Amino acid sequence: MGRRLPDRRLSKQRAFDLAYAATTAAATVTGALGHRRAAGLTKPLPMLLLVAQAAAGARERDALDNAGLAGALAFSMAGDRLMLLEEFETEPVAKDRYLRLGATLFAGAQLSYVATMWRAGARPSARQLLPRVGVLAESAAVLARHRPALLPVLGTYGNTLATMSATASAMSDPQPRLRIGGVTFLLSDLAIINRRHLVTDPRVRMAGEAWVLASYFAAQYLLIGGLAERLRRR
């Protein structure tokens with residue numbers, strides 16, 4: 001019996017990983033190809049799997065940790081919906097509105113991550129935070145040139161993202177899982193602005209969108225999975 005339980009858990013984790021990889025691939029391909037209906041159907045699937053994973057271990061965590069994970073998931077999924085609408089919108093005013101709302105919701109997700117990791121003992125240093133803020137300054141410069149009206153909202157979001165990434169790096173464990181998740185999330189969002197304003201070749205734009213989606217889902221997998229594992233052991 002002592003060996004069967006770990007083996008069973010390992011089998012369940014492998015099945016989850018395969019399902020997550022498959023749904024991520026479907027969401028990435030449909031999003032990159034620009035199939036609106038298919039993208040709308042497939043984009044929520046990886047995050048729904050993460051919701052199920054987090055819910056399965058909820059009894060092994062305290063209420064505040066569960067609330068933090070739930071906040072990160074709920075804000076992310078709502079933000080995903082707004083970003084999907086923004087991606088396929090053609091009217092500039094509506095497109096900007098969706099982007100502002102999406103960024104605000106994702107800021108809620110990043111703050112939920114930060115609060116949860118802070119409770120777990122993470123204390124990011126300036127050495128961890130400042131390089132991340134510096135990297136995102138590039139996208140801020142692109143926005144200032146092409147869509148300056150969005151800079152106040154997206155700049156604020158960028159700071160919450162940099163803080164989350166630095167806090168993930170400051171977690172004691174599981175590392176490097178959380179560190180990679182935080183950095184990958186940052187690089188995924190950095191590519192969004194560059195792809196939309198600096199890239200004109202359709203094939204490169206398609207590849208850029210594939211990177212944005214695949215890296216985003218990878219980051220969420222690492223962060224939610226890593227935190228769920230860490231918080232059960234506290």
Side-chain angles (χ1 to χ4, degrees), residues 1-33 35 38-81 84 109-110 112-117 119-122 164-165 167-188 210-234:
M1 291 298 293
R3 293 182 58 188
R4 289 180 184 176
L5 185 57
D7 288 347
R8 190 177 303 164
R9 286 179 177 173
L10 182 60
S11 178
K12 287 182 178 179
Q13 184 62 45
R14 286 174 176 168
F16 174 85
D17 289 346
L18 287 173
Y20 194 83
T23 55
T24 292
T28 299
V29 170
T30 57
L33 292 177
H35 295 163
L41 292 172
T42 57
K43 191 172 186 181
L45 298 179
M47 296 302 293
L48 288 173
L49 287 175
L50 291 180
V51 169
Q53 182 189 50
R59 293 183 179 180
E60 302 174 51
R61 298 184 295 268
D62 68 33
L64 287 176
D65 289 334
N66 282 325
L69 291 177
L73 287 163
F75 280 120
S76 292
M77 293 181 72
D80 284 343
R81 177 61 182 170
L84 181 72
Q110 307 306 345
S112 296
Y113 274 129
V114 169
T116 304
M117 291 186 283
R119 290 191 74 246
M164 183 282 291
S165 181
T167 307
S169 185
M171 284 286 288
S172 59
D173 67 303
Q175 293 295 6
R177 186 175 188 177
L178 292 175
R179 183 182 308 114
I180 294 172
V183 170
T184 303
F185 210 133
L186 187 148
L187 295 177
S188 179
W211 159 258
V212 167
L213 291 167
S215 57
Y216 166 73
F217 289 123
Q220 294 281 26
Y221 171 88
L222 292 168
L223 290 168
I224 291 293
L227 279 174
E229 174 187 335
R230 170 69 171 82
L231 298 173
R232 280 202 302 266
R233 296 203 300 263
R234 287 211 296 161

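A quick note: this is a predicted structure, and the numbers were derived from the prediction, not measured.
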Can you tell me how far the [atom1] atom of [X] sits from the [atom2] atom of [Y], to the nearest 0.5 Å?
| X | Y | atom1 | atom2 | result |
| --- | --- | --- | --- | --- |
| Ile224 | Leu73 | CD1 | CG | 4.0 Å |
| Met171 | Thr116 | CE | OG1 | 9.0 Å |
| Leu48 | Thr23 | CG | OG1 | 9.0 Å |
| Met164 | Gln110 | CE | CD | 4.0 Å |

Considering non-hydrogen atoms only, spot the tightest contact between Pro174 and Arg230 and give its length.
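It is CD-CB, 3.7 Å.
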
request  = Write down the atom of Asp173, the atom of Leu178, and the distance for their closest heavy-atom approach.
outcome  =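 Scanning both residues, the minimum pair turns out to be O-CD1, 3.8 Å.
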
Qualifying residues under side-chain contact (heavy atoms from CB on, under 4.5 Å), relative to [X], sequence neighbours excluded:
| X | answer |
| --- | --- |
| Ala58 | Arg61, Asn66 |
| Thr167 | Val114, Met117, Ala122, Pro124, Thr163 |
| Ala210 | Thr28, Ala32 |
| Phe16 | Gln13, Tyr20, Leu49, Leu50, Gln53, Tyr221 |

query: Just wondering, do Ser112 and Phe75 contact through their side chains at under 4.5 Å, heavy atoms?
result: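 In contact.
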
* Does some side-chain heavy atom of Pro44 sit less than 4.5 Å from a side-chain heavy atom of Arg81? ->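 No - every pair of side-chain heavy atoms lies 4.5 Å or more apart.
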
Are Arg119 and Asp62 ion-paired here, with the side-chain N under 4.0 Å from a carboxylate O?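 Salt bridge: yes.
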
Query - side chain to side chain donor-acceptor pair (under 3.5 Å) partners for Gln175, two or more places apart - result: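 Partners of Gln175 by the side chain to side chain donor-acceptor pair (under 3.5 Å) criterion come out as none, since no residue qualifies.
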
With sequence neighbours excluded, residues passing side chain to side chain donor-acceptor pair (under 3.5 Å) with Thr184:
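Expected list: none.
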
- Which residue pairs pass the side-chain hydrogen bond (donor to acceptor under 3.5 Å, both in side chains) test with at least one member in residues 41-50, sequence neighbours excluded?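 side-chain hydrogen bond (donor to acceptor under 3.5 Å, both in side chains) check on residues 41-50 returns Thr30-Thr42.
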
| task | Given side-chain contact (heavy atoms from CB on, under 4.5 Å), test Glu60 with Leu231 step by step and report yes or no. | result | CA-CA 8 Å; Glu60 302 174 51; Leu231 298 173; over 6 Å; no

Problem - salt bridge (charged side-chain N to carboxylate O under 4.0 Å, His left out) partners of Arg177, counting only residues at least two apart - result: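 Residues passing salt bridge (charged side-chain N to carboxylate O under 4.0 Å, His left out) with Arg177: Glu229.
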
Can you give me every donor-acceptor pair (side chain of residues 213-220, partner residue at least two apart or in another chain, under 3.5 Å) with its distance?
unit_1: Ser215; atom_1: OG; unit_2: Ser188; atom_2: OG; d: 3.1
unit_1: Ser215; atom_1: OG; unit_2: Trp211; atom_2: O; d: 2.5
unit_1: Ser215; atom_1: OG; unit_2: Val212; atom_2: O; d: 3.3
unit_1: Tyr216; atom_1: OH; unit_2: Asp80; atom_2: OD1; d: 2.9
unit_1: Tyr216; atom_1: OH; unit_2: Asp80; atom_2: OD2; d: 3.1
unit_1: Tyr216; atom_1: OH; unit_2: Gln220; atom_2: NE2; d: 3.0
unit_1: Gln220; atom_1: OE1; unit_2: Tyr113; atom_2: OH; d: 2.6
unit_1: Gln220; atom_1: NE2; unit_2: Ser76; atom_2: OG; d: 3.0

